[in-house]
Every structure is written in structure tokens, then in C-alpha cells.
Protein chains: 2
Amino acid sequence: MTRPDAPPGAVRQGSLREWNLAVVLGRIAAADRPPSRAELAAGTGLTRATVSAVVEDLLAGRLVAEAEPTPRTGAGRPSRGLVLATDGPAGLGLEVNVDYLAACVVDLAGRVRHHTVHRADLRPLSPAEALARLADLAAHARADASRAGLTLAGAALAVPGLVDDAGLVRLAPNLGWRDVPVPALLGGKAPLTAHVDGIAPLVVDNEANLAALGELHAGPAGRPSFLHISGEVGIGAGIVLDGALFRGARGWSGEIGHIPIRPDGPPCRCGGRGCLETYTGQEAILAAAGLAGADLPADTATTRLAELAGAGDPAALRALAGAGTALGVAVAGVVNLLDLDTVVLGGGYAPLAPWLRPPVLTEISRRVLTAAWSPVVVRPAALGAAAAAVGGAGSVVRRILARPGGWLARPG
Amino acid sequence: MTRPDAPPGAVRQGSLREWNLAVVLGRIAAADRPPSRAELAAGTGLTRATVSAVVEDLLAGRLVAEAEPTPRTGAGRPSRGLVLATDGPAGLGLEVNVDYLAACVVDLAGRVRHHTVHRADLRPLSPAEALARLADLAAHARADASRAGLTLAGAALAVPGLVDDAGLVRLAPNLGWRDVPVPALLGGKAPLTAHVDGIAPLVVDNEANLAALGELHAGPAGRPSFLHISGEVGIGAGIVLDGALFRGARGWSGEIGHIPIRPDGPPCRCGGRGCLETYTGQEAILAAAGLAGADLPADTATTRLAELAGAGDPAALRALAGAGTALGVAVAGVVNLLDLDTVVLGGGYAPLAPWLRPPVLTEISRRVLTAAWSPVVVRPAALGAAAAAVGGAGSVVRRILARPGGWLARPG
DNA sequence: CGCTATTTGTTCAGTGGTTGAATTATTTGG
DNA sequence: CCAAATAATTCAACCACTGAACAAATAGCG
């Protein structure tokens with residue numbers, strides 16, 4: 001059942017050590033309390049001698065550190081717990097969205113060590129201007145990280161749109177961007193991050209994908225499968241299957257907004273009819289709640305809607321119930337198809353979760369065959385607003401954890 | 001982008017060789033013409049010395065053989081091409097379905113070396129009786145394989161229903177089975193297959209899953225993503241993502257039949273309303289075509305429907321157009337969500353593909369955002385009726401190819 | 001026919017990394 | 001203060017890969 005796929009590449013001599021570095025580091029990262037070398041040996045099946053040698057490399061490379069000795073536990077020589085270093089490599093997470101910019105730094109242990117959000121309507125700005133502002137935030141984050149002894153090993157930028165492999169933003173409708181070569185505009189002058197073999201200096205990715213990754217790493221260890229729905233102007237989803245983000249054949253998975261709800265429903269700007277977005281998109285919900293004309297920034301309008309619903313406003317409640325039912329119909333189909341056990345309401349849906357959750361659950365229990373056996377969890381996202389930036393930064397450090405060889409081999 | 005997941009297990013000394021055995025074997029399996037040791041060395045990055053040593057192990061273990069020397073090619077010592085052995089391990093594939101039993105043997109190279117189909121209405125029989133008959137087919141297949149010099153290394157049984165990890169058939173509605181302990185009933189007396197470390201002697205799996213695996217292995221090499229739809233009485237789907245079958249959080253993925261098409265459509269036996277199955281299930285299509293009362297076996301009825309449609313019968317054509325449109329609506333949602341590039345019409349849909357394909361394509365082009373960029377292929381299944389048995393047998397040999405160590409370490 | 005160029009496959013000393021057992025280090029308990 | 005217990009390190013042995021030299025087998029050419 002595990003890894004039925006053919007091995008991708010050959011294994012050369014040194015790969016052995018590289019692999020075991022990753023194994024031991026992964027165990028340290030996944031442990032709930034600092035493990036000793038002996039426990040690592042027992043857990044991995046390696047000998048204590050090997051674990052000692054591996055750990056020595058990791059200590060020298062500032063990837064792990066020895067924890068403070070614990071008070072006392074039993075007889076024998078006390079163990080020295082190992083923890084992920086908090087003064088080694090870190091990831092830089094960036095986000096451009098319609099009404100804010102964000103930058104954050106996440107260390108190896110997954111802790112957010114720096115976080116700045118710059119609120120502003122980005123739509124009037126050109127991509128170059130917006131990215132120049134973002135570069136300022138990034139420089140500030142970099143300086144802050146440096147003061148804390150952290151080295152930025154890579155960066156990930158979240159964009160609300162379709163991105164290709166080279167970091168070209170094909171289309172970000174709500175920003176009004178089209179074919180924007182982000183890496184050239186952002187990293188133009190000096191490189192943002194230190195060069196680390198195997199880590200891309202800047203990855204540009206869809207906001208929904210990175211937010212889903214953030215949710216993945218914020219949650220418990222394991223290999224969960226869930227759907228993370230980002231309800232913004234458009235509705236995007238990040239799909240995590242067996243603990244890995246699934247990007248699709250061309251990297252464009254997650255277009256849940258255009259799942260048909262009623263084949264002959266209202267026309268959608270995608271050309272189809274009755275797509276989910278026409279029922280549950282931000283504009284549709286606000287219009288149904290009577291907030292259409294207000295022309296507030298998206299963020300404010302959602303907050304307003306939540307306030308109205310909390311106060312019992314009938315139009316707001318009706319709008320949210322209708323949206324939740326449509327969302328539930330779509331989600332039920334997805335859960336039936338993929339057998340997911342968790343659905344996360346993120347982005348603009350997170351603050352509306354108290355009102356969206358019940359109708360979604362109703363549709364799931366009505367339509368999902370296996371819901372009776374084992375229930376489906378529907379919950380708001382654990383990470384807050386700028387989840388995508390945190391998720392992006394986290395994806396950088398996760399890659400270092402998965403392949404520490406590149407970091408250890410660096411000149412510095 | 002490759003393997004961002006943490007390494008699952010530690011790497012001990014001997015794993016190195018084991019891994020390289022799999023790498024070299026995988027290259028031999030994927031090559032379009034028998035590769036030489038030198039070509040393998042160049043392709044894998046290993047030294048010729050290492051490849052020679054690895055190949056020696058594979059030859060000794062009857063996993064590969066040296067091909068007949070080719071006429072002539074150029075200067076230098078002639079190379080000795082390597083091919084997968086056709087007298088080594090093989091997989092046994094079995095299938096229980098509503099109106100037939102099947103058994104087949106597939107060798108390492110993926111060739112079907114034995115295939116028996118026993119047509120009979122299985123519904124009147126008890127599970128024990130049906131499985132006793134299947135055991136006869138299996139014994140015959142085993143004897144035939146033995147005569148050909150093949151050793152059965154494992155078996156896979158396809159069942160049209162929900163199966164749990166232990167091989168217990170929770171529910172197979174069309175067979176009328178519930179909580180049937182298949183392994184105990186089938187393998188009761190003597191083991192079907194030789195014991196091979198790392199290969200389960202008998203895997204019981206959903207028919208749609210194994211049929212999708214068959215389609216995966218019958219297709220070109222690579223890591224494709226596609227949806228394989230088995231249209232029988234119920235509609236199941238096998239989901240292949242990045243070249244691997246996706247089973248879902250609990251192993252129950254693929255319930256495409258209960259994707260909502262119209263939230264307020266006709267009631268479905270699942271308890272929901274307007275599920276795909278109520279539009280495109282075999283019963284629904286036959287009823288719409290006016291073949292409902294005939295009470296033919298499912299297989300015959302489908303053939304009849306294809307004949308009528310081929311002769312231009314208006315009711316049949318109308319029924320198929322309607323079914324295809326509903327199917328297309330569901331498929332469009334799936335393709336939007338998962339960014340698949342291929343949809344395979346299998347099972348009972350394969351013979352109906354000429355009529356189902358056009359409306360499905362219409363809905364996709366109308367509703368899938370990225371269809372304009374890069375088209376979605378909709379095609380009938382390459383494997384015929386008993387695709388699931390072949391797929392199951394193939395999954396056994398694929399596992400040997402992926403982890404040859406277990407086979408090589410066997411006592412015999 | 002014999003020689004050279006060329007490519008394949010094997011042999012062998014060398015090396016990196018793991019193994020297993022012995023050894024050292026550090027604490028608790030009597 | 002010593003024995004028991006557990007943690008971590010040291011070291012010779014071993015396994016698998018590396019690199020280079022070597023043997024094998026063929027085509028081309030005079």
C-alpha cells in the first residue's frame with residue numbers, strides 16, 4: 001500500500017547519509033517531546049552509532065540543538081533531548097492580495113518569528129509598484145530574521161491567481177494582473193535569500209495552495225487528506241491528499257468555484273451555468289444579504305456580514321444559509337469522490353464558518369454515503385487571515401527538513 | 001516539487017542495494033527496447049560496475065533475462081539487451097461480478113498469460129458457493145501458470161463493492177453481499193500463491209480501483225492523472241493521480257455516482273436527491289431507452305442498447321445523449337477540481353462510448369476553465385470487459401517490480 | 001588476414017557509511 | 001561508596017558503490 005510507484009532516481013553512495021539525515025531530522029520534527037539519540041535509534045531501526053554520527057552532522061549544521069536537560073526521569077545516564085534549531089535556516093513567506101500585502105518568517109520548528117501585514121487597496125497600483133512595496137516588507141523581514149540569528153533559505157509568494165512553473169502569473173483577475181513576471185520584478189536587485197542547494201530562492205504559487213499547506217502544517221502530524229476552501233471573490237481550493245498538496249496534471253487543481261450546482265442555473269463568467277461561484281462567491285453572498293452596493297473592501301464587507309448575521313439580521317442569515325447549502329452540495333460531491341475526512345473553511349469563509357457550517361454538514365450527511373460510518377469534520381481554518389504567507393514560509397522549511405543535504409552542504 | 005514528504009523509514013545498509021535493484025528493474029520495465037548494462041548505467045547515473053552487479057542479482061533471481069542478440073548496430077563489442085523475465089514471478093487476478101467470474105495470470109512484462117471467464121448469474125449463489133467456483137478457476141489458472149514456468153507471487157480479487165483493509169466485503173449491493181470475509185472463504189484450504197515477502201497473498205479490492213490500475217498499466221509510461229469511470233449498475237470511479245491510485249482517507253474514494261447533478265432532482269437510493277446515478281446509472285439509461293422491462297442480464301442489455309443506438313433508434317439515442325450530458329456535468333466538476341487531463345470510460349460505458357463521448361466533451365468544453373488552454377481527452381477503456389482482473393494481476397507484478405528485494409530473498 | 005578503433009562488460013583496490021560489540025559517561029538506589 | 005541502569009561514543013569489520021584498468025567482441029580499413 002505504501003509507495004507502489006517506481007523509484008525515481010538511482011541511489012549513489014552518499015545518498016545513504018543524506019537519506020538518514022532526513023529520516024532522523026523528520027523524527028525530531030514530528031516528535032511531541034525532544035527525543036534522545038537512543039530513542040531515535042529505537043524508532044528508526046538504525047544503530048545508536050549511526051544516529052550519533054547523523055546527529056553530529058545536524059548539530060554542526062545548526063539544524064538541531066540539544067534541549068535543556070529535563071529535571072529527572074529515572075535511573076541511568078540522563079538523555080539529551082534534541083530539538084529543531086531556532087537559529088538556523090528559516091523560510092520567508094510573502095503574499096500579495098487584493099487589499100493587503102504580507103510578509104512573515106517561519107523557523108524550522110514552524111514558529112512564526114516575524115509577521116507584518118500592510119493593508120492597502122492594491123488594485124490601483126501596477127504590478128511593479130505593488131511588488132516594490134512587497135520588496136520593502138521582505139527586506140524588513142529579512143533584517144529582522146537576521147537579528148534573530150536566522151538565515152532565510154528560500155521564499156514563497158502567494159498570489160490569488162493562476163501561476164505557471166516559472167513564476168509567471170498568468171492571470172489574477174481580482175488584482176487585474178495578467179502575465180506578470182513576478183520573480184524578475186521582485187528579486188530584481190539583490191537576492192532575497194541565501195543560496196541553498198535544492199531550495200528555490202523564490203517560489204510563486206497560488207494563494208489557495210499555500211493556505212492549504214499552512215493548514216496542513218498547522219495541524220497534527222500524519223498524512224491527512226482534506227479540502228481547504230478559500231472563499232474570496234473567486235472560490236479556490238487547496239487539495240491535500242495523504243499529507244501532500246495535489247496540484248493536478250498542469251498545476252491548476254482546486255477550481256472548485258466552477259463545479260456545477262444546477263446545470264441550468266444563472267450564467268457564470270466562466271461561460272458555464274449554475275457554477276458554485278454564482279451561489280457562494282463573495283459577490284453573490286453580499287448581494288443576497290443586501291450589501292451589494294456598499295462597495296466596501298472585500299475584507300470589511302465580510303466582517304460586516306458576520307456582524308449582521310451575529311445580530312440576527314434576517315437577510316444576512318438567509319444569504320448565508322443559501323450559500324452554505326450550495327457549498328454543501330459541492331462539498332458533498334467532492335467528499336464522495338475523494339473520501340476526505342475533513343473540510344476546512346478558510347479565507348473569507350473562516351469568519352463566516354458559524355453560519356456556513358450547519359448547512360454544509362446537513363448536505364454532507366444527506367448526500368455522502370459513508371458519512372454514517374465515519375463523520376466528516378467541517379471546521380474553520382486554524383490559521384488566520386494571512387494563512388497563505390505562513391503556509392508559504394512553512395513550505396520552505398519543510399523542504400529543508402525533507403532534504404537537509406542541500407543546507408548542510410552550503411559554503412557558509 | 002518531487003517528493004516533498006518526509007522519508008517514511010530509515011535506510012539500513014542493505015537498503016541501498018535493494019533500492020538500486022528497483023531502480024534498474026524499473027528502467028528495464030519502462031524501456032521501449034531491451035537496454036544494455038551500459039545504457040542503464042548512463043541512464044541511472046550508476047557506474048557500469050554497479051549496474052553489472054545489480055543485473056547479476058536480477059538474472060539470478062529470474063526477474064530479468066538476456067534478450068536474443070540483435071543483428072547488428074555499430075562498432076564495438078555488441079551489447080546484451082535485458083528484458084523482463086517471462087518465466088519468473090507472475091500475478092493472479094480474480095474477479096467476482098454480477099454475471100461472471102474471471103481469473104487471469106499476468107507476467108512481469110505485463111503480458112496476460114492466462115485468462116478464463118466463467119459467465120453465470122452469481123446472484124442466486126451464496127458467497128461461499130460463488131467463491132468456491134472462483135477457487136476452481138484460480139486453481140486452474142495456477143496449474144496453467146506452473147506449466148508455463150511461472151510462479152504466482154500474489155493475488156488480487158476485484159469485487160463490486162466496498163472493501164475494508166482486511167479484505168472484508170462490507171457491502172456489495174448488486175451481488176447482495178454484506179460483511180463477507182472473502183480471504184477466509186477463498187483461501188481456506190491451501191494458499192493460492194507462493195509466499196513472497198512484502199507481497200500480500202491475497203488482496204481484495206474494489207472493482208473500479210483495480211480496473212483503473214489496469215488502465216494505468218496498459219497506458220504509456222509516466223505519471224498520468226486520470227479518472228476511470230466504471231458504469232455498471234452503480235457508477236464507480238478509480239482515481240489515478242500522478243501515476244498512483246488514490247484510495248481516499250478510508251479507502252472508499254471514487255463514489256462518483258452520488259455527485260449531485262440537480263440538488264432537487266429525483267430521489268436516489270443513497271438518500272440524496274438528483275445524484276448522477278439517477279441519470280446515468282445502467283437502470284436509468286435502460287429505462288429511458290425503453291429497455292427497462294426486458295430484465296436481461298446487465299451485460300446483454302448494454303450490448304442491446306449499443307445495437308439499437310447503432311441502428312439509429314431514437315429512444316436509445318435520446319437516452320444516451322441525456323446520460324452523457326449528466327455524466328459530462330459531473331465530470332466537468334471533477335476535472336475543474338483535480339485538473340485531470342484524461343477521462344476514461346470503462347466498464348459498461350466502454351461499449352457506449354461512441355454515444356456518451358460527444359455530450360461529455362460538450363459539457364467539459366463549456367464548463368472547464370482550462371479546457372481552452374489544454375484539451376481534456378475522453379476515451380474508452382483500453383482493456384476490455386474483465387479489466388479489473390487484469391488490473392489486479394498487474395498490481396501484483398508492479399509491486400514486485402517496485403520492491404524486488406522480497407522476491408529475491410525468497411528461499412526457493 | 002591482421003591491425004586499430006570502439007564499445008561493452010568485468011575485475012579489483014579504495015572509500016564512505018552502517019553495524020555490532022565493547023567502552024566510557026552519568027545518574028539513581030541501596 | 002558501590003552496583004545497576006541507561007545514554008552516548010569509539011572502533012574494527014563489513015557491505016555496497018566508485019573509478020580505473022582490463023578483457024571481450026565487433027566493424028572498418030589497408
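What's counted below: heavy atoms across the whole structure, side chains too, no hydrogens, waters or symmetry copies. Naming convention: chains lettered A, B, ... in sequence-line order (proteins, then strands); numbering from 1 in each chain.
Residue W19(A) contributes atom CH2, which lies 17 Å from atom P of dG17(C) at whole-angstrom precision. Computed from coordinates, the L16(A) CG to dA16(D) C1' distance equals 9 Å when rounded to whole Å. Atom CZ in R80(B) sits roughly 14 Å away from atom C1' in dT7(C) (whole-Å rounding). One interatomic measurement links the two molecules: CG of L21(B) to P of dC17(D), which rounds to 8 Å at whole-angstrom precision.
Here the rule is side chain to side chain contact (heavy atoms under 4.5 Å, CB included) with W407(A), and of L401(A), L108(A), I199(A), V196(A) only V196(A) fits it.
Residues from residues 49-65 of chain A lying near DNA chain C, meaning a heavy-atom separation below 4.0 Å, are A49(A), T50(A) in numerical order.
With sequence neighbours left out, R48(B) forms a salt bridge (charged side-chain N to carboxylate O under 4.0 Å, His left out) with no residue at all. In terms of the salt bridge (charged side-chain N to carboxylate O under 4.0 Å, His left out) criterion, D341(B) has no residue partners (sequence neighbours excluded). With sequence neighbours excluded, no residue forms a salt bridge (charged side-chain N to carboxylate O under 4.0 Å, His left out) with D197(A). When the salt bridge (charged side-chain N to carboxylate O under 4.0 Å, His left out) test is applied to R250(B), the partners found at least two apart in sequence or on another chain are D339(A).
Distances shorter than 4.0 Å separate some side-chain N or O of R17(B) from OP1 or OP2 on dC17(D). Between N20(A) and the phosphate of dG17(C), there is no side-chain N or O to OP1/OP2 separation shorter than 4.0 Å. For dT10(C), the OP1/OP2 oxygens have a side-chain nitrogen or oxygen of R37(B) closer than 4.0 Å.
The 5' end of DNA chain C is approached more closely, in terms of each residue's nearest nucleotide, by E18(A) than by the other of E18(A) and R48(A).
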May I have the list of side-chain donor-acceptor pairs in residues 31-40 of chain A shorter than 3.5 Å, sequence neighbours left out?
residue: R33(A); atom: NH2; partner: E39(A); partner atom: OE2; Å: 3.4
residue: S36(A); atom: OG; partner: A38(A); partner atom: N; Å: 3.4
residue: S36(A); atom: OG; partner: E39(A); partner atom: N; Å: 3.1
residue: R37(A); atom: NH1; partner: E66(A); partner atom: OE2; Å: 3.2
residue: R37(A); atom: NH2; partner: E66(A); partner atom: OE2; Å: 2.9
residue: E39(A); atom: OE1; partner: S36(A); partner atom: N; Å: 2.9

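Judged purely by atom type and a 3.5 angstrom limit, R142(A) uses its side chain to pair as donor or acceptor with the backbone of L192(A).
At a threshold of 4.0 angstrom between heavy atoms, the contacts of T47(B) include nucleobase atoms, whether or not backbone atoms are also involved.
Closest to the side chain of P78(B), from the set dT27(C), dT26(D), dA16(D), is dT26(D). For A38(A), the side-chain atoms get nearest to dA7(D) when compared with the rest of dT10(C), dC17(D), dA7(D). You'll find that the side chain of S36(A) is closest to dA8(D), out of dT19(C), dT10(C), dA8(D).
A donor-acceptor contact under 3.5 Å is not formed by the side chain of R77(A) with the base of dT6(D).
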